[in-house]
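Contents: one structure, followed by commentary.
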Amino acid sequence: MKSFAIFTSALAAVASTVSASVVKGAAEGFAKGVTGGGSAAAVYPSTTAELVSYLGDSTPRVIVLTKTFDFRNTEGTASDKGCSPWGTGSLCQLAIDKNNWCEVDTNNAPKVSSITYDKAGEVGITVNSNKSLVGQGNKGVIKGKGLRMANGVRNIIIQNVAITDINAHYVWGGDAITLAGTDMIWIDHVTTQRIGRQHIVLGTSASGRVTITNCDIDGSSPWSATCDGRHYWALYFTGSNDMVTFKGNYVHHTSGRSPKVQGNTILHAVNNYWYDIDSKGHAFEIGQGGYVLAEGNKFQNVATVIEAGATGKYFTVPSSGSVCSSYIGRSCVSNAFGSSGAFSSADTSFLSDFKGKNIAAASAASAVTTASVGYGKI
Ligand SMILES: *[C@@H]1O[C@H](CO)[C@@H](O)[C@H](O)[C@H]1NC(C)=O
């Protein structure tokens, strides 16, 4: 009898260790408290169809990726008219003429008669509420299709996954991660590479509380709008009631929108590393309704940290950070700059928006490292 009891409790201990270790750590900042699929037993999809089904059904799930899921050619190809706003050089992106973009937004750029692209990339996989999507070791890769969280879904964790190769040649070829009407989303240790449109886009409807940590936003691409191997469309944070904690991320080899912030969005950018942002472009673009607290970040080889003419508000700790204490309960930490342009604003008029919220901790900018960013590092 006694040995039986020991046996069952040992089994229970093993089971709880396994489920507790699937998602590593916990979100800090605005999405603190997100649980995703919680303690649901892990499932291991083996096909793209099974992955789509697990992500989209209405059961709380912990979904573990143990291999590459390649969606290219799973939905066929489409051909559309397009344009070449940046020329037809071999390094330039072309644009699919979506919603008359070629006529309206690019001032009638020269037309390209036909663009053939992979249909799977156009729209991301639907992710429903209460899901954890976690890569195992360095095996969790999704190619050719992104993830889409929309229409009121909440409580989702995406961790340790790479999302790559979404019609990278073509603007409007697809986004890696889309939020359009969400709350409580944590994106952690995710790598994005070779994407047609945005690496991460928080659309115009409210994205609610979002934490993005330790991600590798890699803008290196054979095709870009700047025709120089640097992707222009990286991070687009617009929205109507968005609170974004952006911490410990590595944003590099981009040429614009890294990030673009506007709408009604408060962004806490802390302890990130911006590296080698094209001198033709910029890192931050802050438009109307964008409110940015940037502290403890490192900028290296970022000629233009912020695009001129910002109409949003931002605070970058230009002198003593102690002014932050009454808003976030601690001093703000200085940013650090190496061979980079200015990023200086003492505007504290919006910092009261941060009061009473979950605020991520900050280390000195000198402690920022890229050693464990992206997938395959936790
Ligand atoms: C997610 O979990 C919450 C809390 O348990 C529940 O109220 C909600 O219905 C769940 N949503 C879905 C789509 O399962």
Side-chain angles (χ1 to χ4, degrees), residues 12 15-66 69 71 74-75 120 122-136 140 142 145-161 163 174-190 200-213 215 237 239-245 265 356-360 378:
S16 70
T17 308
V18 169
S19 69
S21 65
V22 175
V23 170
K24 303 252 181 17
E28 59 174 332
F30 296 132
K32 181 177 179 177
V34 60
T35 55
S39 56
V43 291
Y44 301 82
S46 58
T47 62
T48 55
E50 209 174 355
L51 173 58
V52 167
S53 162
Y54 283 147
L55 285 169
D57 68 16
S58 49
T59 305
R61 289 192 188 281
V62 174
I63 303 159
V64 179
L65 303 181
T66 59
F69 290 81
F71 283 83
T74 59
E75 297 175 27
E122 263 189 304
V123 180
I125 307 165
T126 296
V127 183
N128 210 339
S129 298
N130 307 325
K131 307 281 185 183
S132 300
L133 176 68
V134 184
Q136 189 177 78
I142 300 175
K145 196 172 183 70
L147 300 170
R148 179 177 170 82
M149 291 159 261
N151 305 318
V153 299
R154 63 185 310 283
N155 191 30
I156 297 167
I157 299 171
I158 313 291
Q159 186 178 63
N160 197 30
V161 175
I163 301 173
D175 306 304
I177 294 182
T178 304
L179 273 57
T182 62
D183 193 24
M184 293 297 274
I185 308 293
W186 183 29
I187 299 163
D188 181 57
H189 283 96
V190 168
I200 301 180
V201 54
L202 278 47
T204 48
S205 43
S207 300
R209 294 163 289 178
V210 180
T211 292
I212 301 170
T213 42
C215 291
F237 301 155
S240 45
N241 182 17
D242 295 11
M243 304 196 313
V244 185
T245 295
T265 299
K357 312 261 172 26
N358 290 315
I359 302 296
I378 56 166

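Sequential numbering from 1 along the given sequence is applied to the chain's residues. In listed order, ligands and their atoms are each counted from 1.
- The option from Val153, Asn128, Ile156, Asn130 that lies nearest to atom 6 (C) of ligand 1, judged by heavy atoms, is Asn130.
- With respect to Glu122 and Lys145, no salt bridge is recorded, no charged nitrogen being found less than 4.0 Å from a carboxylate O.
- For atom 4 (C) of ligand 1, no protein non-hydrogen atom is found at a distance below 4.0 Å.
- Residue contact check: Ser58 has heavy atoms under 4.0 Å from atoms 14 (O) of ligand 1.
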Checklist line | Stepwise side chain to side chain contact (heavy atoms under 4.5 Å, CB included) check, Ile142 with Leu147 | finding: CA-CA 9 Å; Ile142 300 175; Leu147 300 170; 4.2 Å; yes

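- There is a side-chain donor-acceptor pair under 3.5 Å between Thr213 and Asp188.
- None of Ile156, Leu179, Val52 except one satisfies the side chain to side chain contact (heavy atoms under 4.5 Å, CB included) rule with Val127; the exception is Ile156.
- For Asp57, the CG atom counts as densely surrounded, since its 6.0 Å shell holds more than 12 non-hydrogen atoms of other residues, nucleotides or ligands.
- No heavy atom of Pro60 sits closer than 4.0 Å to any atom of ligand 1.
- There is a protein heavy atom less than 4.0 angstrom from atom 14 (O) of ligand 1.
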